[in-house]
Amino acid sequence: FSLMIIPSILAFFLTFFLDEPPRKKIVGKDAYLKTLKKGVLYFKNHPALKVLALDRILVGVICFFAIWFWQVKFTNLDIPLVYFGLFHALFVGMEIPVSMNFSFLERIFGGKKLYLFWSTIIAGIGFLVAGLTSNVVLVTLGFILVFAFGLTRFVLFLHYFNKHTPSSVRATVLSTINMMDALIRGSFYLLMGIVLEYSLTAALVSAGVLLMVIALVSKVKEEHLLD
């Protein structure tokens, strides 16, 4: 984790050497604040958007931890480090066929809402399988399910966010959602870190159970999922 700070520091200093492109129209501070307030209020007063954002954030944050969990799990299984790149390529590669076939998968599962429900359940099952077995094949299959069905959902939700948001406030609304994501993700980092220090199995099983609970209590409705 410590090495992750290096590119962040380099990026920070790089910003001092970037020139802002010339603008034909100068936007004042008041206009910026007005746009910001308008976008935040739009999100606050849009029930469907809030429901979609909460579902997307909670599931996305939990599934994100698979990126770290699989490395710890494979280390515990004595998988040589030289193969980690191949496994990561496999996990990320399995996101491609899912991302390219959402319409087909929605028909298979019986609708947009049911696909979101079952994609969360499948990702939860993946965490449980990875946590409750030491068989390399089953663990690999478990993480494939999390990556393929859990980490691709954000593409669908971005589409739904755009459909619910007019272009005049879209950037602000999306920034508001991303800010919420960052705050919740930071909280989960602390929580999952504590659980992981206690037991990797407990962390994986907890993630799986949380996903299933979220799927069952989600307030997302079919009419929220606009084409």
Side-chain angles (χ1 to χ4, degrees), residues 1-8 55-109 112 114-159 178 181-182 184-185 188-189 191-193 195-197 199-215:
F1 285 175
S2 299
L3 293 177
M4 292 177 63
I5 197 173
I6 297 176
S8 299
D55 189 288
R56 180 265 185 196
I57 291 171
L58 291 178
V59 175
V61 165
I62 294 172
C63 290
F64 169 80
F65 287 99
I67 298 172
W68 306 111
F69 288 166
W70 80 260
Q71 299 175 62
V72 180
K73 181 71 176 187
F74 277 45
T75 299
N76 292 347
L77 294 177
D78 295 323
I79 303 297
L81 188 62
V82 69
Y83 297 117
F84 276 34
L86 296 176
F87 278 108
H88 189 67
L90 172 63
F91 297 147
V92 175
M94 292 306 296
E95 297 180 31
I96 298 174
V98 173
S99 299
M100 294 178 64
N101 291 281
F102 284 132
S103 296
F104 172 75
L105 291 169
E106 287 169 351
R107 290 195 299 271
I108 292 295
F109 285 96
K112 298 181 179 66
L114 284 174
Y115 174 71
L116 292 179
F117 172 81
W118 283 109
S119 63
T120 306
I121 292 294
I122 291 171
I125 292 173
F127 272 120
L128 292 176
V129 170
L132 296 175
T133 182
S134 296
N135 182 283
V136 175
V137 175
L138 291 178
V139 170
T140 301
L141 177 60
F143 282 114
I144 285 176
L145 294 178
V146 178
F147 275 77
F149 289 95
L151 289 177
T152 55
R153 297 169 87 256
F154 82 94
V155 178
L156 276 175
F157 277 94
L158 183 59
H159 169 74
N178 289 336
D181 181 285
I184 294 175
R185 191 182 300 267
F188 269 84
Y189 259 122
L191 175 63
M192 285 297 183
V195 177
L196 186 60
E197 284 293 320
S199 168
L200 174 60
T201 298
L204 289 166
V205 171
S206 297
V209 172
L210 282 173
L211 287 177
M212 293 186 176
V213 171
I214 292 169

What distance separates F64 CZ from F154 CZ, expressed to the nearest 0.5 Å?
12.5 Å
Can you tell me how far the CD1 atom of I62 sits from the CD1 atom of I184, to the nearest 0.5 Å?
10.0 Å
Taken in chain and number order and not counting sequence neighbours, the residues that satisfy side chain to side chain contact (heavy atoms under 4.5 Å, CB included) with A202 are V195, Y198, S199
Distance-only criterion, 3.5 Å: show the donor-acceptor pairs between side-chain atoms of residues 124-147 and protein atoms not counting sequence neighbours.
| from | atom 1 | to | atom 2 | distance (Å) |
| --- | --- | --- | --- | --- |
| T133 | OG1 | N135 | N | 3.1 |
| N135 | OD1 | V137 | N | 2.9 |
| N135 | OD1 | L138 | N | 3.0 |
| T140 | OG1 | V136 | O | 2.7 |

Report all side-chain donor-acceptor pairs from residues 81-106 shorter than 3.5 Å, counting only partners two or more places apart or in another chain.
| from | atom 1 | to | atom 2 | distance (Å) |
| --- | --- | --- | --- | --- |
| S99 | OG | E95 | O | 2.9 |
| N101 | ND2 | P97 | O | 2.6 |

Point-to-point distance, once rounded to the nearest 0.5 Å, from CG of D55 to CZ of F117
11.0 Å
Can you list the steps and then say if F109 with I122 is a side chain to side chain contact (heavy atoms under 4.5 Å, CB included)?
CA-CA 12 Å; F109 285 96; I122 291 171; 3.9 Å; yes
Side chain to side chain donor-acceptor pair (under 3.5 Å): which pairs involve residues 116-128, sequence neighbours left out?
S119-R153, T120-R153
Which residues pass the salt bridge (charged side-chain N to carboxylate O under 4.0 Å, His left out) test with R185, sequence neighbours left out?
D181
Which atom names give the shortest non-hydrogen contact between A123 and C63, and what distance separates them?
CB-SG, 4.0 Å
Can you measure from CZ (R107) to NZ (K112) and round to the nearest 0.5 angstrom?
10.5 Å
Can you name the residues that form a side chain to side chain contact (heavy atoms under 4.5 Å, CB included) with N178, not counting sequence neighbours?
none
Once you round to the nearest 0.5 Å, how far does CZ of R56 lie from CG of L156?
12.0 Å
